[in-house]
Asker: 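Handing you a structure now.
It should be emphasised that the depicted structure is a prediction, and the values quoted were computed from it without experimental measurement. Values below: every heavy atom of this structure, side chains too, minus hydrogens, waters and symmetry copies.
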Amino acid sequence: MVSRRKFVSLAGTTGAAAVAGCLGGDGDSDDDGDDGTSGETYDYGEENIWFETASGSFAVDTFQYNPAAGWFIPHSQFGVYARWAQFDYINGEFLPHLVTDWEHTDGSFVCTLAENFTWGSTGNSITAEDLALQLQIQINNGDQLGDLADNIEATGDYELTVSYADDVRQDFITYSVLDRQAAFAPSIWEDEADNESPASVEVPEPDPSGPLALTSRESNYHRYEPRNGLENYEDDAVAGDHYNWNGYDLGYRQSNNAFHSSFEAGELDGVHSLFADPQTLDRFPDSVRQFQIPGGFGMGIWPDHSNEPWSVREVRQAFYYSLDRTAIIENVGSSTKVEHPAPTGLTAASVESALGSDEPEGFNSYSLDTEKAESLLSEAGYSMSDISPTLEYPAGWSDWAVAAQAVVDQASNAGWNISGNGNSNGPGTYAANLGDGFDLAADQHTAGGSTYTIPYFALNYKLRNTLREDDSSHFAGYDKNEVEIDGKTINIDETLEALSTAPEGEREQHIRDLALVVNKDVPVFVIMEKYEQSFIDTADFDIPPEGELGSHASVFWPLWWLPQVSEKLSSASEEATEGLMKARTN
């Protein structure tokens, strides 16, 4: 049973939320811009309008479309591929889409599919066989579902059944199955069911299951338009063509500052995720609307556990005590990040429900205390000036860059001989090399996606993280299993195994033990957590006013999702198509 429970880090479509976090942040701004209403009724006729957006994680010439590869997948995927179901991050529940209904029955998770979704290349219906093929390919790629499910099969043309053992938790199955996109079309993948390296499959262009298709590759943007065949569903509330504009142009901005300038100049109609502090928001046009969506992830600093001095617990704790994380967040923008008063390894939103408090008894808060830091180092036979680490961080992610520079400044002021090195790309380009010339890497402390709102997966990610390496070792060298905390020996593998099968009333002690390992043995320094900031400029695109979007305001991502929903704008005429985002055409 242990081998079957040897969970690996989530990759692929669910991990896309982590990539999204590259530019994100939390913000509490007063949205006093255009609320999308005018009191008039619009017919929203067709116009020659393009929605201008951009990527900030990687340049246009690096975009690629194999969803198994994980990185360099542009965020147009949220318009090109249909969601199985859409996760509402405020209310913690799934909204039906391609999968319209689901239920657990006697060790089986049965999903019912809509019958009106098609593949763009053939016009064929998306069937349960297609989704079963997708799951098999993703399992070959290391997907966690392979450690949960006993069998996956199409039990009808539009019925998918995932069978699992009695001791597998139902919530693991629900979150692991539904939080996906239909991104593995049979036209590309039908012969790849047994391929053990799906990331190596060449995918020159996506075969869409959603409403958009890639239609042009230019040097500075990729273009996506409503795909052929949607006219067959013009009266369909889910699968039809809801676009009264030409499509999307997805370009590139090298940094957050470049995005900010583009919004100020009116060059962008929206972006899926962007960090903007309150001062920056004040410079945006009043028409720019912000959506705040809990991200659950954010910047951590991973030390090289495979070598001294960072393999020594006292050194790691001393570094924590040398930092003022509240001041770091204030440097970034106090309204843009979530602080963990006592790092537990859980997302901020889940700490209190799992452990009874956001600062549970017995956990270190790691408030700034240089005397304690010096005492811990002396106990371990070190002094601050003897340790000369380099912190690698992504220079273009302004929130992370500011936080990383603050870490370097604070640690240096405390006495550490530390330096920082800003990289032109994100953590995926450098973090796997941790220990090869540098000792500290800024990388996500928790992966994105709905799955990581479950304590097991958030803790497993920190303690058994293989995201930046292969599936056999922790990328930062944290290979401990038995760890002594406050006189108690905690076996990480056994406790993770127990938590993975424990009924609801028996989980808290397992969660507490693993959270104490994260807190006191410090596999990662948790610096800050985020809320996503997503933006749409309503100067040219009409959306409902704030407070009238309901669950659609708290899903990934408004600029791609709002046109796809079955609701209709209150300002739309009776003849207008569904969708909660329309180009302003009159």
Asker: For the atom pair OH (Y382) and CD (E314), what is the distance rounded to the nearest 0.5 Å?
Answerer: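 The CD atom of E314 is 10.0 Å from OH of Y382, to the nearest 0.5 Å.
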
Asker: Taking all heavy atoms of S55 and all of F63, pick out the closest pair and write down the distance.
Answerer: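 Closest pair (atom of S55, atom of F63, distance): CB-CZ, 3.9 Å.
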
Asker: Check whether any side-chain heavy atom of T344 lies under 4.5 Å from a side-chain heavy atom of V518, and answer yes or no.
Answerer: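 A side-chain contact under 4.5 Å is absent here.
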
Asker: Can you tell if the side chain of R316 reaches within under 4.5 Å of the side chain of D521, non-hydrogen atoms only?
Answerer: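 Yes, side chains in contact.
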
Asker: May I ask you to decide if the ring planes of W302 and H474 are parallel, tilted or perpendicular, using 30° and 60° as cut-offs?
Answerer: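 Correct class here is tilted.
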
Asker: Any side-chain heavy-atom pair from Y461 and Y452 closer than 4.5 angstrom?
Answerer: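 In short, these two side chains touch, coming nearer than 4.5 Å.
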
Asker: Passes side-chain contact (heavy atoms from CB on, under 4.5 Å), Y320 versus V526? Steps please.
Answerer: CA-CA 9 Å; Y320 239 156; V526 176; 3.7 Å; yes

Asker: Fit a plane to each ring of F263 and F284, take the angle between them on a 0 to 90° scale, and name the class: parallel (under 30°), tilted (30 to 60°) or perpendicular (over 60°).
Answerer: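 Judged by the thresholds at 30° and 60°, the geometry between F263 and F284 is tilted.
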
Asker: Determine whether the side chains of Y252 and D61 contain a donor N or O and an acceptor N or O closer than 3.5 Å.
Answerer: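 Looking only at side-chain atoms, D61 and Y252 do not form any donor-acceptor pair under 3.5 Å.
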
Asker: For S311 and S306, indicate whether the former's side chain and the latter's backbone hold a donor-acceptor pair under 3.5 Å.
Answerer: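 Here the side-chain-to-backbone pair does not exist.
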
Asker: Hey, what's the ring geometry for F319 with W416, parallel, tilted or perpendicular (30° and 60° as the breaks)?
Answerer: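 Geometry flag for W416 against F319: perpendicular rings.
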
Asker: Do the ring planes of F78 and H75 sit parallel (below 30°), tilted (30 to 60°) or perpendicular (above 60°)?
Answerer: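 F78 and H75: parallel rings.
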
Asker: Relative to the ring of Y175, is the ring of F94 parallel (under 30°), tilted (30 to 60°) or perpendicular (over 60°)?
Answerer: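 Taking Y175 first and then F94, their aromatic rings stand perpendicular (interplane angle over 60°).
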
Asker: Kindly confirm or rule out a cation-pi arrangement of R289 over F291, judged by NZ or CZ under 6.0 Å from the six-membered ring centre and within 45° of its axis?
Answerer: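 Satisfied, under 6.0 Å and within 45°.
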
Asker: Would a line drawn from the ring center of F457 to the ring center of F172 be shorter than 6.0 Å?
Answerer: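 Yes; F172 has its ring centre under 6.0 Å from that of F457.
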
Asker: Check this for me: E264, atom CD, are more than 12 non-hydrogen atoms of other residues, nucleotides or ligands nearer than 6.0 Å?
Answerer: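 Check passes, neighbour count above 12.
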
Asker: Using the salt bridge (Lys or Arg N to Asp or Glu O under 4.0 Å) rule, collect all pairs that involve residues 510-519, keeping only residues at least two apart or in two chains.
Answerer: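 Residue pairs with at least one partner in residues 510-519: K488-D513.
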
Asker: Could you pull out all donor-acceptor pairs under 3.5 Å where a side-chain atom in residues 428-439 meets a protein atom, sequence neighbours excluded?
Answerer:
| from | atom 1 | to | atom 2 | distance (Å) |
| --- | --- | --- | --- | --- |
| T429 | OG1 | G426 | O | 2.7 |
| Y430 | OH | A442 | O | 2.7 |

Asker: Please round to the nearest 0.5 Å and tell me the distance separating atom CG of L514 and atom CG of L346.
Answerer: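 That separation rounds to 9.5 Å.
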
Asker: Between D399 and K530, does any NZ, NE, NH1 or NH2 come within less than 4.0 Å of an OD or OE carboxylate oxygen?
Answerer: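 No salt bridge links K530 with D399.
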
Asker: Using a 4.5 Å cut-off on heavy atoms from C-beta on, say whether the side chain of Y393 contacts that of V407.
Answerer: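 Not in contact.
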
Asker: Is the count of non-hydrogen atoms from other residues, nucleotides or ligands lying under 6.0 Å from K372 atom NZ greater than 12?
Answerer: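 No, NZ of K372 has 12 or fewer neighbouring heavy atoms, counting only those of other groups under 6.0 Å.
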
Asker: Any side-chain donor paired with an acceptor under 3.5 Å for D277 and T280?
Answerer: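 A pair is found: one side chain offers a donor N or O, the other an acceptor, under 3.5 Å apart.
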
Asker: Can you tell me how the ring of H552 sits relative to the ring of W561, calling it parallel under 30°, perpendicular over 60° and tilted otherwise?
Answerer: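 Tilted, since the angle between the ring planes falls between 30° and 60°.
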
